[in-house]
Protein chains: 2
Amino acid sequence: MASIRDVAKKANVAACTVSRVLNGSASVAEETRQRIEQAMKELNYIPNELARGMFKQRAGIVAMLVPSIRHPFFSSLADQIEKELYQQGYKMMLCSTGDDIAREREYMKTFRSNIVDGVIMGVSNLKDEEYEAFQKPLVMLDHKVNEEIPVVVSDHRTGGILAAQKFLEGGCRNIIHICGLDAPEVLSFQSHRALEEILSARGVQVKAVEIKWSNFDFDGYLELAKMILEKNPEIDGIMAADLPAVAFLKAARQIGRKVPETLCVVAYDGTYVVDTNLLDITTIVQPVKEIANRSIGVLVDLLEGRPAKPAMNMLEVSLREGNTTKSRIPS
Amino acid sequence: MASIRDVAKKANVAACTVSRVLNGSASVAEETRQRIEQAMKELNYIPNELARGMFKQRAGIVAMLVPSIRHPFFSSLADQIEKELYQQGYKMMLCSTGDDIAREREYMKTFRSNIVDGVIMGVSNLKDEEYEAFQKPLVMLDHKVNEEIPVVVSDHRTGGILAAQKFLEGGCRNIIHICGLDAPEVLSFQSHRALEEILSARGVQVKAVEIKWSNFDFDGYLELAKMILEKNPEIDGIMAADLPAVAFLKAARQIGRKVPETLCVVAYDGTYVVDTNLLDITTIVQPVKEIANRSIGVLVDLLEGRPAKPAMNMLEVSLREGNTTKSRIPS
DNA sequence: TTGTATGCGTTATCAT
DNA sequence: ATGATAACGCATACAA
């Protein structure tokens with residue numbers, strides 16, 4: 001690999017002059033510039049970004065950590081984030097933890113070692129102190145650590161409210177919500193709070209069933225769904241992320257439960273998994289594009305030392321009405 | 001950020017002694033080691049990988065370039081590749097081109113600048129010379145440049161043969177194959193060759209319709225499918241990647257075409273998009289895990305200077321039989 | 001066992 | 001307009 005000094009030698013100048021041509025950082029005589037550009041071409045020279053990064057204390061890379069790259073929500077989000085980063089002149093390093101705490105911790109350690117400039121955390125199973133001890137710009141998704149670290153999150157409370165209304169309209173009495181872990185800092189759990197608040201006030205039963213996102217095994221979801229529906233015939237409403245929601249629809253069909261007549265299903269996320277389904281699924285849609293845009297906006301501001309925006313960034317969800325829920329109670 | 005010299009100062013030793021403790025590269029007195037480890041802890045020291053990489057001429061990062069991170073096939077593959085890389089001690093940098101040639105070229109340039117050690121090319125729209133001029137280990141997916149650059153590819157010819165058999169069994173007479181571009185170096189086109197060879201020998205019409213992978217817009221696929229089915233009522237067989245295949249199934253249902261009675265559909269890839277469908281879709285399955293394993297095996301061998309394996313790595317596809325095709329011609 | 005000197009490739013500062 | 005020098009943080013060869 002040709003270095004800047006090889007180019008300098010070939011063009012009969014000092015290395016720093018080559019550097020000046022490279023960066024346009026100072027005026028160089030036209031004739032000298034030509035010689036240097038010629039030499040760069042002949043040597044097929046490309047600057048070493050490692051050395052550059054070392055000098056500038058900046059790698060030009062942002063890491064994103066997710067539970068699974070395959071997961072449709074995270075792959076859609078990562079796709080958008082990469083696009084945003086590209087526009088801002090950064091590269092993305094996408095890593096996945098498989099929801100394994102040790103791997104998350106290990107990656108966080110790697111990220112501190114100057115290989116990346118900042119991190120988007122799409123997974124967060126460590127203790128708050130560990131995020132607070134991270135000494136670089138960090139943006140958390142769906143997880144509030146404290147008042148300092150920026151967080152980008154969908155308005156899950158509204159998501160829960162919208163879903164609750166659908167269940168009420170459908171006259172449902174026994175709801176199961178397939179969801180993530182319950183912890184005060186896990187903001188997506190707000191959807192469950194809202195659901196429960198509204199529905200139990202109307203005497204509707206709501207039960208949470210916790211699963212891990214990274215157990216991203218559709219057949220497993222399908223078995224779970226079948227088991228739940230068979231063991232609990234009184235269940236008449238399901239809220240779940242796109243993938244488990246689809247699993248319930250498939251399970252319902254297999255055991256002969258009619259949707260939406262005897263079972264209402266609301267999917268949560270709105271990835272292409274709902275689009276590709278033959279049914280038109282009622283869905284709470286997270287604004288993936290806006291999440292990506294806001295996350296990178298906040299992170300790049302931090303990276304480039306611009307004034308900080310508010311730490312809490314909440315974005316609107318929307319309801320897409322399909323026919324896996326009933327619009328009105330038949331009277 | 002504490003540097004190795006800060007640690008050295010605190011522990012009253014020279015920097016190289018700290019380095020020795022870090023790497024276990026030479027014996028250090030037990031008491032000295034303790035002092036150093038203590039100092040590292042107190043300073044919350046983490047080695048600077050940029051500096052390390054600069055010295056070692058190695059970044060510990062492998063790039064993967066794909067047309068779209070969202071695409072279920074590529075996100076599944078990227079997920080596996082990341083796992084394989086992690087096991088081998090490398091990080092992955094995942095980038096997408098949106099099938100834009102300029103972006104692919106730009107990324108290739110970035111990848112040469114010592115920021116990554118090698119590249120997995122999941123997209124390849126440049127001229128062969130550009131890949132040949134790349135001076136680092138490269139593994140191409142589905143694309144043969146020459147006899148030197150390693151390529152990992154599914155046995156698409158067999159894929160085409162398996163599909164052709166299904167169409168023959170179903171008595172289909174007019175097939176449409178939704179596929180990528182036709183070029184000698186694009187190996188996935190072999191499936192089309194095989195399909196045509198076998199079917200036209202039996203007097204079955206086969207027509208190729210080219211689409212771009214990155215136009216990853218399900219509604220667009222759906223419109224296309226509806227248009228094709230309505231304008232060509234004689235069509236009785238479809239082969240397409242998972243996503244467009246599902247679009248055809250949805251379109252068929254919308255315009256009242258019966259599957260598999262009057263329309264057979266074979267999906268190609270076998271991502272979870274077919275799993276999540278309510279129908280049981282006949283599918284040619286690419287061995288994603290094996291592709292990832294072989295790709296990284298070959299690449300890491302190159303990176304670590306081990307003897308090169310054969311350049312051509314072809315992996316077996318399999319048929320998963322569903323009920324979007326007929327098993328026997330009703331006589 | 002430990003320390004000194006040097007280089008990896010780049011760029012900023014200061015000098016000419 | 002151009003060059004010499006030093007520094008970024010680390011790891012090696014060599015010396016002590």
Side-chain angles (χ1 to χ4, degrees), chain A residues 1-40 43-61 109-117 135-136, chain B residues 1-40 43-61 109-117 135-136:
Chain A
M1 282 288 191
S3 83
I4 197 171
R5 264 186 277 270
D6 299 323
V7 176
K9 204 173 289 172
K10 185 150 207 140
N12 262 359
V13 293
C16 63
T17 308
V18 179
S19 172
R20 286 193 261 259
V21 170
L22 228 46
N23 302 294
S25 48
S27 51
V28 174
E30 187 50 33
E31 188 241 4
T32 314
R33 137 173 287 113
Q34 303 239 338
R35 268 205 335 272
I36 290 175
E37 280 171 351
Q38 177 64 22
M40 293 203 291
L43 291 173
N44 203 359
Y45 168 73
I46 291 201
N48 183 328
E49 290 294 334
L50 242 44
R52 257 188 179 161
M54 179 140 151
F55 187 88
K56 295 201 175 153
Q57 307 284 42
R58 163 191 189 285
I61 302 180
K109 197 169 163 188
T110 304
F111 295 158
R112 282 188 47 207
S113 56
N114 288 43
I115 207 87
V116 303
D117 300 328
Q135 287 135 320
K136 302 186 175 208
Chain B
M1 281 290 190
S3 83
I4 197 170
R5 264 187 279 269
D6 299 324
V7 176
K9 203 174 289 174
K10 185 152 204 138
N12 262 0
V13 292
C16 67
T17 308
V18 179
S19 173
R20 286 193 260 260
V21 170
L22 227 45
N23 302 295
S25 48
S27 50
V28 173
E30 186 52 31
E31 187 241 3
T32 315
R33 137 172 287 110
Q34 303 239 338
R35 265 204 337 272
I36 291 174
E37 281 171 350
Q38 178 64 22
M40 294 203 292
L43 291 173
N44 203 359
Y45 169 72
I46 291 201
N48 182 330
E49 290 295 334
L50 243 41
R52 247 184 187 167
M54 182 141 148
F55 185 88
K56 294 197 177 160
Q57 306 285 41
R58 164 191 187 285
I61 303 180
K109 196 170 165 188
T110 304
F111 295 157
R112 282 188 47 209
S113 57
N114 288 44
I115 207 88
V116 303
D117 301 328
Q135 286 134 320
K136 303 186 174 207

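Source: prediction; values computed, not measured. Letters go in sequence order (proteins before strands), and every chain restarts at 1.
Summarising the geometry, the separation between CE on B:M40 and P on D:dC10 is reported as 11 Å, rounded to the nearest angstrom. B:R5 has its CZ atom 17 Å from the C1' atom of C:dT2, to the nearest Å. The separation between A:D6 atom CG and C:dG9 atom P is 8 Å, rounded to whole Å. Across the protein-nucleic acid pair, B:N114 atom CG and C:dG7 atom P stand 20 Å apart, rounded to whole Å. Across the protein-nucleic acid pair, B:I4 atom CD1 and C:dG3 atom P stand 12 Å apart, rounded to whole Å. Distance B:L22 CG to D:dT12 C1': 14 Å, rounded to the nearest Å.
Listed candidates were D:dA11, C:dG3, C:dG9. Nearest to the side chain of B:A14 is C:dG3. Residue B:V28 has its side chain nearest to C:dT2 when only D:dG3, C:dT2, C:dC8 are considered.
Remark: A:E31 pairs with A:R35 by the salt bridge (charged side-chain N to carboxylate O under 4.0 Å, His left out) rule, at least two apart or across chains. With sequence neighbours excluded, no residue forms a side chain to side chain donor-acceptor pair (under 3.5 Å) with A:E37. The side chain to side chain donor-acceptor pair (under 3.5 Å) search around B:Q38 returns B:E42, not counting sequence neighbours.
Mapping A:M1 and B:R33 onto DNA chain C by nearest heavy atom places B:R33 closer to the 5' end of the strand.
For B:S19, no side-chain nitrogen or oxygen approaches OP1 or OP2 of D:dC10 to under 4.0 Å. Using a 4.0 Å cut-off, some side-chain N or O of B:T32 falls inside it from OP1 or OP2 of C:dT2.
Residues from residues 47-60 of chain B placing a heavy atom under 4.0 Å of any atom in DNA chain C, listed by number, are B:M54, B:F55, B:Q57.
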Got a list of side-chain donor-acceptor pairs under 3.5 Å for residues 44-57 of chain A, not counting sequence neighbours?
unit_1 : atom_1 : unit_2 : atom_2 : d
A:N44  : OD1    : B:R112 : NH1    : 3.4
A:N48  : OD1    : A:L50  : N      : 2.7
A:N48  : OD1    : A:A51  : N      : 3.2
A:E49  : OE2    : A:R52  : NH1    : 3.1
A:R52  : NH2    : A:N23  : OD1    : 3.4

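Considering every non-hydrogen atom in both A:V116 and A:K136, the closest pair reads O-NZ, 2.7 Å. Residue B:S19 comes nearest to B:S25 through the heavy atom pair O-OG, 4.3 Å, listed as atom of the first residue, atom of the second, then distance.
Residue pairs meeting the salt bridge (charged side-chain N to carboxylate O under 4.0 Å, His left out) criterion with at least one member in residues 14-30 of chain A: none, sequence neighbours excluded.
With hydrogens and angles left out, the side chain of A:R20 and the base of D:dG3 share a donor-acceptor pair within 3.5 Å.
Across all strands, B:N23 comes closer than 4.0 Å only to sugar-phosphate atoms, never to a base (heavy-atom distances). At a threshold of 4.0 angstrom between heavy atoms, the contacts of A:V13 are confined to the sugar-phosphate backbone, with no base atom among them.
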